[in-house]
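Taking it in order: structure first as structure tokens, then the write-up.
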Amino acid sequence: MPELPEVETIRRGIEPFIVNNRVCRVLLRTPKLRWPVPADLDRRLGGQVVQRVERRAKYLLLRTAVGTLLIHLGMSGYLRTLQGDQPPGKHDHADILFDDGFCLRLNDARRFGALLWLEGDPQRHPLLAGLGPEPLSAELSGEVLFKKGRGRRLAVKSFIMDSRIVVGVGNIYASEALFVAGIDPSRAAGRISRQRYRRLAAAIREVLQRAIAAGGTTLRDFSDQQGRPGYFAQQLQVYGRAGEACTVCGQPIVKIILGQRASYFCSRCQN
DNA sequence: CTTTACGCCTGACGGC
DNA sequence: TGCCGTCAGGCGTAAA
């Protein structure tokens, strides 16, 4: 389930292989993922040179002179990199083949992902236009969170998972960041001080940054295959650890449901 | 305006 | 062994 760190790791992994590389063709095996995949994608992307590989939130953007291929991996999606042709396996929905024999293959068992063709400025596309700040940029600050949180009764965990507030904070890292910041996930977003939001903004950045650093080592080799993203589970402090001792105080980690999502926290360290 | 519920989809897992 | 129900989860959309 790729969260932002996984997507960024994938971006960095594929970038050197496809920037300045020309797409020779696109092979679609599945007509619809989350939305219908443009049937004429081969005609649009074929022959185009990938100029840049960007990421906005959890969307990957492969930019060409005439348009942008948007890729979202949903929950179960991953990209593999292949050389030459290899027989497709189960849930291998699309291949992007390049002139030099390089192939980017999209696999997504649950098909919650997306493959779309965007023309014009991608930032104007409805999927991207309303997004909040990137968590790793200076645009995210405690002040921004504090201001957006005014008057809201929503649980802060659900609040930071709202992509209009800040992008790329998925279920796992939301719990982790709130633990680092010492904030109870169920606390209303409007009832958190500026000071504590500053700590939260820093915690979000730190947790994501650390996961990217870990991904850079575990997913380094993209030349073979397996851009299969992991959870970086080895360094999670609360997520999925209900009943286990808090790494700081030893209290058992508690699991609660917020906004229909599993949430984990330490009732002693977080308030 | 905010908040909540649901649907999309498959694989893993537990109970029988 | 197999069948069935439940859960997981990003994110858009509908409904309250």
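In what follows, chains carry the letters A, B, and so on, assigned in the order in which the sequence lines appear, proteins first and then strands, with residues in each chain numbered from 1.
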Take atom [atom1] of [X] and atom [atom2] of [N], then tell me their distance rounded to the nearest Å.
X         : N       : atom1 : atom2 : answer
Leu131(A) : dG12(C) : CG    : P     : 8 Å
Lys157(A) : dT3(B)  : NZ    : C1'   : 16 Å
Phe112(A) : dA8(C)  : CZ    : P     : 13 Å
Leu127(A) : dG10(C) : CG    : C1'   : 12 Å
Met75(A)  : dC11(C) : CE    : P     : 11 Å
Leu60(A)  : dG10(C) : CG    : P     : 16 Å
Ile165(A) : dC1(B)  : CD1   : C1'   : 13 Å
Leu73(A)  : dT10(B) : CG    : P     : 17 Å

Ignoring backbone atoms, test whether [X] places a side-chain nitrogen or oxygen under 4.0 Å from the OP1 or OP2 oxygen of [N].
X        : N       : result
Lys90(A) : dT10(B) : no
His91(A) : dG11(B) : yes
Arg34(A) : dC9(B)  : no

Touch class at under 4.0 angstrom, heavy-atom based, for Arg153(A) against every strand present: sugar-phosphate
Touch class at under 4.0 angstrom, heavy-atom based, for Lys255(A) against every strand present: sugar-phosphate
Of Leu33(A) and Arg152(A), the one whose closest DNA chain B nucleotide lies more 5': Arg152(A)
Side chain of [X]: nearest nucleotide among [options]?
X         : options                  : value
Leu154(A) : dT3(B), dG11(B), dA5(B)  : dT3(B)
Tyr59(A)  : dT4(B), dG12(C), dT10(B) : dG12(C)
Gln260(A) : dG10(C), dT4(B), dC9(B)  : dT4(B)
Arg111(A) : dG11(B), dG12(C), dC9(B) : dC9(B)
Lys32(A)  : dT10(B), dC8(B), dG10(C) : dC8(B)

Heavy-atom side-chain contact between Ile212(A) and Leu136(A) under 4.5 Å: yes
Note, Gln270(A) side chain near Leu178(A) side chain (heavy atom, < 4.5 Å): yes
Side chain Arg110(A) and base dA8(C) donor-acceptor under 3.5 Å: yes
Any donor-acceptor N or O pair under 3.5 Å, side chains Asn21(A), Asp99(A): no
Asn107(A) side chain to Asp92(A) side chain, donor-acceptor N/O pair below 3.5 angstrom: yes
Glu119(A)/Arg44(A) ion pair, N-O < 4.0 Å: yes
